[in-house]
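Heads up: the structure comes next, in structure tokens.
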Amino acid sequence: MDKVSGKLTVFFEEPFWVGVFERVSDGKLSVCKVTFGAEPKDYEIYDFILKNYYRLRFSPAVATDVKEIGRNPKRVQREVRKQVQNTGIGTKSQQALKLQQEQLKTERKIVSRKRREVEKQRQFELKQQKRKEKHRGR
């Protein structure tokens, strides 16, 4: 049976509040970073998840180890308290975000290069048209 788990960490990263969605599926971790702006309320986060989760662009998957254990409720409570005090995200998540950032950067470079080439071609065509109009013999 395939198990998928998700986690959302919200923390303050000067000057905005940031949410990091972590999704573990098939032993691989995918991450998406969302900037909220002002401090989001619980109901705003819940509403955001319901409306926008399927539109989120997750990073390419990074291999990770998945822990499969039954947990003591008091231990879980201590871990939650510890995580709340320790703001930030894990190193695997940071690697996944970095990978996504590099991927988006290359996509942006490709798009801007194409746009530049199209503009250059348009300018060339315009220049050729002006040259032909000058040599019409009028």
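Residue numbers count from 1 along this sequence. Note that the structure is predicted; figures quoted are calculated from it, not measured.
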May I ask you to decide whether Lys82 forms a salt bridge with Glu79, counting only side-chain N to carboxylate O separations under 4.0 Å?
no
What's the separation between atom [atom1] in [X] and atom [atom2] in [Y], rounded to the nearest 0.5 Å?
X     : Y     : atom1 : atom2 : answer
Lys41 : Asp47 : NZ    : CG    : 14.0 Å
Ser59 : Lys33 : OG    : NZ    : 12.5 Å
Asn72 : Gln77 : CG    : CD    : 10.0 Å
Ser30 : Glu22 : OG    : CD    : 10.5 Å
Glu39 : Ile45 : CD    : CD1   : 8.5 Å

Just list the side-chain donor-acceptor pairs under 3.5 Å for residues 109-117, sequence neighbours left out, or say none.
{"residue": "Ser112", "atom": "OG", "partner": "Arg108", "partner atom": "O", "Å": "3.2"}
{"residue": "Ser112", "atom": "OG", "partner": "Lys109", "partner atom": "O", "Å": "3.0"}

Show, in sequence, the C-alpha distance, side-chain angles and deciding distance for Thr9 and Phe21, and conclude whether the side chain to side chain contact (heavy atoms under 4.5 Å, CB included) test is met.
CA-CA 7 Å; Thr9 307; Phe21 289 90; over 6 Å; no
Sub-4.5 Å side-chain heavy-atom contact between Val10 and Pro40
yes
Between Tyr53 and Leu8, is the side chain to side chain contact (heavy atoms under 4.5 Å, CB included) condition met? List the steps.
CA-CA 11 Å; Tyr53 183 79; Leu8 169 63; over 6 Å; no
With clusters defined by side-chain heavy atoms of hydrophobic residues (ILVMFWY) lying less than 4.5 Å apart, directly or transitively, does [Y] cluster with [X]?
X     : Y     : answer
Tyr54 : Phe58 : yes
Tyr46 : Leu56 : no
Phe11 : Leu97 : yes

Side chain to side chain contact (heavy atoms under 4.5 Å, CB included) partner of Leu104, chosen from Glu102, Gln101, Gln100
Gln100
I need the minimum non-hydrogen distance between [X] and [Y], along with the two atoms involved.
X     : Y     : value
Trp17 : Ala38 : CD1-C, 3.6 Å
Val18 : Phe36 : C-CD1, 4.2 Å
Ala96 : Val31 : CB-CG2, 3.5 Å

More than 12 heavy atoms of other residues, nucleotides or ligands under 6.0 Å from CG of Asn52: yes or no?
yes
State whether the number of non-hydrogen atoms from other residues, nucleotides or ligands found under 6.0 Å of Gln128 atom CD is greater than 12.
yes
Using the side chain to side chain donor-acceptor pair (under 3.5 Å) rule, take Glu107 and Gln103 through it: C-alpha gap first, then chi angles, then the decisive distance, then the call.
CA-CA 6 Å; Glu107 288 176 13; Gln103 188 179 37; 4.6 Å; no
Taken in chain and number order and not counting sequence neighbours, the residues that satisfy side-chain contact (heavy atoms from CB on, under 4.5 Å) with Gln121 are Phe124, Glu125
Check whether any side-chain N or O of Asp26 sits under 3.5 Å from a backbone N or O of Lys28 as a donor-acceptor pair, and report yes or no.
no
